[in-house]
Structure formats: structure tokens, C-alpha cells
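To find a chain, count down the sequence lines: A is the first, B the second, and so on, and within it residues start at 1.
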Amino acid sequence: MITRRDFLKYVALSSATLLLGCAKKEVTPVTTPTAKPTYKAEFVLGYGKDHKLKGGKWGIGFFPKIHVLERLVEYDLKHDEYVPSLAKKWEVEKDGKIITFELNKGIKFSDGSEFNAEAVKFTVEWLKLNHPLGAETFESADVVDDYTVSINYKDAMFFNLAKMAEFHMSIMSPKSVKPEGDPKGEFVLPIGSGAFKVVDYKEEQYAIYAPNEFWYERFGIKPKFKRFVVKFIKDDDTRVMALKSGEVDAISDYVHGGSAYTPRNLLGPLKREGYNVFKRIIPLTWIIAFNYKKEPFNDVKMREAVDLAVNRDDVVKIFDNQVLPARTLFIEDAPGIKEAGVTYEYDPKKAKELVEEAGYSGAEVDMIVDKSQSDQILVCQLIQQQLKNIGLNVKLEVLESGAYKQRRDSGEYDMRMYYIGGTDRRFYLRMYWRFYPGNKWSAYVSERTGELCKKILKEFDKEKRKQYLIEFYKAIHDEHGVVPLYFDIMTVVTSKNVDADYYSLFHYPNGIPFGEPLFYNVGVRA
Amino acid sequence: MNRLCVTGLGIILLMVILGLLAPLIAGNPYKTDLKDRLEPPSLKHPFGTDQLGRDLFSRVLWGARTSLFVALTISLISMSLGCIIGAVSGYFGGIIDDVIGRIIDVFLAIPELVFNIALVGIFCVAYGVSTWNVILAVVITNWVSYARITRGIVLSLKEREFVLCAKAIGAGEWYILLRHVIPNSIGPIVVLATLNMGNVIMTIASLGFLGLGIQPPTPEWGQMINAGKDYITTAPWLTFFPGLFIALSVLGFNLLGEGLRDVLERKSFIE
């Protein structure tokens, strides 16, 4: 039996051990092996979202859309250009109402069948019947010859071409459905021409892929593994622990509104512990969105005050400076950003004056935040303090996802965190979803910005489009429609025994820059 | 003097004093300073700083106010409610006792924390986020133990001579219940309430840890542990100090409860 004295001794000993654990530890530098490595047959990735390989309202998940399928065109954000992928070239008719694509020959789907105009026609018809974005985009598709297809769109606009680089418009083999080639048929599994093919899938648990030899052959490279296992680990911290315990070789982000990604504040510690952290800045900007249709943020002075009160340098410190402070609406690679010369400043003194001028000094405003987004909760707490300095009392409400959506949709809030842009290919799509008049996911729409957004999405001429974009950035800034906070990143964290490089993680083998991580050249050293 | 009682009382008094003096001895628990984020314990910040550079000592001390206030409120409401329901059930018997007895059985059959999680979720959706959601949810599950104990005590008390005497001189049922029966059953209920305070503190902390309790930026121990768990390897002080305070306060109430029980048992034995 333990006496009271023994008990106290154990308590004291445990406390001392825990306190010693608080001390900083020296990290031993990692040395790089020089011998030519041999690789394991399997590469295991931890990922936060189910791949939905059986389909769903928006089709299969983004991951298989990227890795199993390919698109007719890809988007080069830096040059604001659409570049050939499955399509060799294209011709625009009737201001974009019809686009005729000439396809590359000799491309095969992973099952050995040939990629041709019939496959494109099937995909367009399938998307029109089974996908919200397809339904609002496509009218029909006509096969001109085996390698030429004309797509008729519902509206005449440049946005039609932009959409063809979008995940959702990825091309799949007619054999992906049963009966084969029937757009009304039942979706079985995605068969595409991308780097990987589906081997096995268990909903909410894992997906197993194998390299698509036709894809590797096309690009003249060899895979470094035979099986690519993706484990679905939803909880961000658990995913990091899985990497640390060796259960997975790497973890990667799903960045679409911060749904499932490696917590930014853990990237620094992971790097210090010797893990390889690859990150790519993407044109996704986290913002403060206002309920600008009601008081007090229907007053532009109040929106400007919040804009000037936010210290973005402090915001990024929460993430160990792994993300960048947003002094512009989008990252500098985004078209027209540099030329627009519009920057967002920090001036709390002026912000305070504006609040007083508007007559809201000491007012209470609501800020809602989704409980599942731990990063956002931290940022909102910081913003709460920063706005307190200018005389605004922010009532922070951390809500369950359901309650958050209900409050958001019914307009019962004053401010919330939101995001604009996305991965590179989504630049124009999110322009449409966030700033086009009448869109339910909008961040800010005024007469001026709405008209400019319409012009941007209609204009094929790159230079004219850039001018509209410049005007748009200026309009958003003048009206203080949103408050940019920080630019988000896409990350891949790998174990020490994983061979990966930034270039192949974010470029196609032919050099096309890619906004999402690619794993075709990854190898796990044995 | 019972040593358990004194030790428990000492710990609780220390917690209460620290909580009460928080505005004087600790700084602003909301003040952020990103220059000092994740600083280890030092003279400037005895418990270190958190992700937003807030002083953890201040937050833990202010957290004591939150946790103790919420736990005390829950215990007082639950005790009052449970005592009245249990006393009515035990004293009047019959169909009232049957109905209350079955309700108590139903509540006892559901795991308490699971029930709390469900209730807090429902209240959040229905009434928005508030500390009162947590209080209400825990009270709903917590009154049952008081009712059960009170009912048992009242069942034995109502057959005692002083009750029969009161009836004989014509005292009314409610008068006897309120003036004689409940006051005579208060001893064991106080012991239960003291022991239960520890459980309530744990429940509040558990809900906070699960993100269902008191919401940020209000300092609360469970929620602080939840926020600190991401840094368990790099900044363990974020979880250690709130955890230590939870452990100490639960230990304090348990020791006091055990001590009180010893004292009361001895007293009743002597009587």
C-alpha cells in the first residue's frame, strides 16, 4: 500500500520530470546520404479528405481528379496563359460560345484504351447531366473527327476556356461508367490518362493507386514505387502524428477553404525536427469578409477602419511566418497585381479616427468563426485584440459548423474570415464565385466591382483582361470590400527517408507549373 | 482536526484566492504580444506564453475564476434541484415516487459526458454560444445524483420519531418536508456536493477540451489544454499548467469531500 509520503514523492518526481520536459532541446543536424538509393515498393501518404472514388454531387475528389485524370488545358498563373495538355491547340468562335479543341494523338487511358474526341464528348455530356458546374456550363459537344471536338457553351465568355483547366472538367474514359459510354450510366471508378490508376478503395479509409505506365512512358520517366497508398486521416494533428510515428511517409494538404491541411504553426517545428517541408504560395488569400449590407459595415469608413487596424505582420506570426502577409489582394504572380500598385496598409491611428468619424466608437460587432478551423480561431482572437485598439469591441462567436453555416447564410453576423482565389487553376473560377453578381458564395459585390468582374470573365484578350483586373483590384481597395489578411500555401511534408524535390512536386514533367502537389517522382528510400 | 479536510480546504482556498486576486497579481489574459509567442516559463512569464503571446500565468489564474464560478453555479443549482425533487419523491411516495424514480433511472442510464456533449450541441444551435449552455447542460445531467441520494435519506427520515411527532401535532406535509426533513438530510448532501465539485470541474474541462465548453478567448483550463495540444512536444507548458490546476482543484475537492465524510460518519457513530 502506498503511504501518503510516497504519494507526495511520486507527485513531486512526476512534476519535476514534466518541467524538465519544458526545456529547449538541441536538434541534431541531419546528414544527407550520398549513395544511390534503392526505393521501397510502396509510398504511403496521409491525406485529410476521402477521395470519393465512387463519385458524389461534385464527382470524385480533387485528389483523383488531379492524379488519375487530366484536363484539356492547364493554367500558367504567372503568365496568365492557358497551355496545352490533352488538347494540342484550340480555336475560339462566337466570342467563346464555341471552342474547338484539337487533341493530342497517341495518348492512352490507364486501361489501354485510346484518348480521343469521343472521350471528350462523353465527359462533357456526363458533366452536363451529373455535375453542377457542368450543368451551368455546357450546351453540347460535337465530334468533328477522331481528334477534334467542338464544345458548345451556354454563354459566350472567356471563362469557358478557364473552366476547362478546372479540376471538375477533367477528362475521363467512357469506360468509367456502366453501361460503357452512357452519360446517364452508373459511375463505377474513374479511368483517366493521369499519372496513376485506381487499384483499391475503401470509403473513408484508404485509396490505393498504381503508376499508369502509359503516362510515365509519355513523359519518359520511371516511377520509384509500385503502390501509392493514400490513407484518409481527417484530423490534422493525427495526420502529423502518423507522419511522426512512421505510419505514413508524407502528408499533404487539401487547401480549399482550409478544410484539411497540416497546421501552419507545426511546419516550423516539423522542419526543425528534420522533416522535409515543401511549400508553395498559392493565389488563395484569407480575408475578413463583411456583412456589408447592414450596419455598421455598410459604411465604407468602417470597412476601411478594420482594414487599417489589422497588423498583417502579427497575423502571419501565428503561423510561424510560414504564410505571407497579404498587402495586395492576391500574390504578386496573379495577373495585374504588380501593375495595379494597390497595397493595403497598417495605420491604427487613422483607423481609430475613422471609427470615431463614423460614430461607432465603442460599438460591439459580431465575428463568427467555424469551430473546426483552429487556425481561424487564433487569427480571429488576434483581430479581436487589434480592433479593440481602435475602439471596436468584437464579440467572437466560435460556432459548430452547422450553426456557423446557418448564421452565415441568414446574414446574422458582422464579420467573418473567408477566402478568395484558390489553387492556380481556380483563379478565375473563384473570381466568379466570390465577386460575380448574384453568386451565393460571394465575398463582396458592388455595382462597380460586379461589372468589372463580368468584363474580366468575358474578355479573351489577355492585355484587356489585365486592365480590367487592375481596375477591379483598385475598386475593391477603394470600396474596402474585403480585408486581405494572408496568402495561403500548399504544403507537402515528408519523412527524412523520402526523396522528393520542389520542382517535380509542383511541375508536370514537361515543365508546366502545377498548383497542386504531384507525387509521380517521389521515392521512399529502403 | 481531520487532515484530509484541512489539506483539501487549503488547496481550494489557494485556488479561490488566486482566482479572486487574478486582477491584481496577473495581467490582462487577453493581451496578445506576437513578439513573445511560445516563450518558455521565465521570471517575466512564470508559466510561459501561448500561441498569441498571451501570458499563460494570467490565463490560468483567470481560468480559475471561470472554472470555479461555473462549477460552483452548476453544483448549487443541481443540488437545489436534486434535493427538492429527491425529497418530494421520497417523502410523498406513490405515483410521484414511481415517475421520478423512472426519470432518474433513465438519466442514470445515459453516459454523462455523452449526454452533456449532445445537450451542449443542441443548446448552441438553439440559443447560440454561451457559458450558460454549459451550465444548463451539466445541471441537466448532474441533479440526478442529488435526487437519488436525497430520496434515500428522506425515505429513512420520514419514519423517524421527530417526523411522526410533527405529524401528531398537526404540522402540514410541506412544512415537515421543508423545516424538518430536508435540513436533517443536508449533511450527506454537502459531502456529495463537495465530491461532485471535482467531477463538475472535470466535466467542464472535458467539454472545453472537446471544443464544446466555454469558447475562446475566455480563458478556461480545458480549452487551453486543447489549444496547447498542438505544441505538446515544442511548448509543453501550454498543457502542463492548465492540467496541473485542473488536477489540483479536483484533488482539493476530493480530499475535502473525503474528509467531511469521515467527520460526519464519526459524528453519526457517536450520536
Side-chain angles (χ1 to χ4, degrees), chain A residues 4 8 11 14-15 18-25 236-237 240-241 244 263-266 268-270 272-273 311 313-321 366 368-369 371-372 374-375 377-386 388-389 394-404 406-407 412, chain B residues 3-4 7 28-42 47-48 50-54 117 120-130 133 210-219 223 226-227 229-241 243-244 247-248 251 255:
Chain A
R4 194 165 298 155
L8 289 172
V11 170
S14 319
S15 307
L18 277 165
L19 278 170
L20 280 171
C22 296
K24 282 183 181 174
K25 283 179 187 170
D236 296 342
D237 300 316
V240 174
M241 292 314 286
K244 287 185 174 184
R264 304 317 184 200
N265 45 43
L266 293 187
L270 280 167
R272 286 194 286 277
E273 285 172 43
N311 184 344
D313 289 327
D314 271 0
V315 172
V316 300
K317 277 179 193 158
I318 294 175
F319 306 106
D320 236 357
N321 292 309
D366 279 344
I368 56 167
V369 61
K371 188 178 281 175
S372 62
S374 55
D375 282 353
I377 295 172
L378 280 177
V379 174
C380 288
Q381 288 181 73
L382 179 63
I383 288 167
Q384 184 186 38
Q385 283 300 298
Q386 293 182 343
K388 198 176 174 64
N389 298 337
V394 178
K395 187 183 167 205
L396 189 60
E397 295 192 58
V398 184
L399 304 166
E400 287 294 334
S401 295
Y404 174 83
Q406 187 259 322
R407 288 278 297 274
E412 291 172 63
Chain B
R3 288 168 73 185
L4 281 179
T7 314
N28 179 353
Y30 303 104
K31 190 171 174 273
T32 56
D33 184 357
L34 273 295
K35 288 195 300 296
D36 282 347
R37 73 185 282 269
L38 300 175
E39 285 290 315
S42 63
F47 291 179
D50 71 2
Q51 314 88 311
L52 294 173
R54 295 175 296 201
I117 291 169
V120 173
I122 293 165
F123 295 151
C124 279
V125 174
Y127 310 115
V129 177
S130 157
N133 290 343
L210 294 170
L212 292 162
I214 293 143
Q215 293 300 322
T218 308
Q223 170 229 103
N226 180 33
K229 75 180 189 310
D230 292 349
Y231 304 87
I232 195 108
T233 52
T234 52
W237 54 89
L238 292 182
T239 45
F240 175 72
F241 290 110
L244 181 69
L248 280 176
L251 181 72
L255 288 178

Among I377(A), V394(A), V398(A), L396(A), the one residue meeting side chain to side chain contact (heavy atoms under 4.5 Å, CB included) with P217(B): L396(A)
Side-chain donor/acceptor of K317(A) to backbone N/O of K35(B), under 3.5 Å: no
Atom group of L38(B) that falls short of 4.5 Å from chain A, counting heavy atoms: neither
Verdict with supporting geometry, D320(A) and R37(B), side-chain contact (heavy atoms from CB on, under 4.5 Å): CA-CA 10 Å; D320(A) 236 357; R37(B) 73 185 282 269; 3.3 Å; yes
Selection from A235(B), G48(B), P216(B) maximising heavy-atom pairs under 4.5 Å formed with chain A: P216(B)
Point-to-point distance, once rounded to the nearest 0.5 Å, from OG1 of T234(B) to CZ of R272(A): 7.5 Å
E412(A): partners by side chain to side chain donor-acceptor pair (under 3.5 Å), with sequence neighbours left out: S410(A)
Distance in Å, L382(A) CG paired with L34(B) CG, rounded so as to fall on 0.5 Å steps: 5.5 Å
Atom group of Q384(A) that falls short of 4.5 Å from chain B, counting heavy atoms: side chain
Residue D314(A) versus chain B: region with a heavy atom under 4.5 Å: both
NZ/K229(B): more than 12 non-hydrogen atoms of other groups inside 6.0 Å: yes
Student check: side-chain heavy atoms of T32(B) and Q381(A) closer than 4.5 Å: no
side-chain contact (heavy atoms from CB on, under 4.5 Å) evaluation trace for I318(A) with Q51(B): CA-CA 6 Å; I318(A) 294 175; Q51(B) 314 88 311; 5.5 Å; no
Per-residue contact mode, K395(A) against chain B (heavy atom under 4.5 angstrom): neither
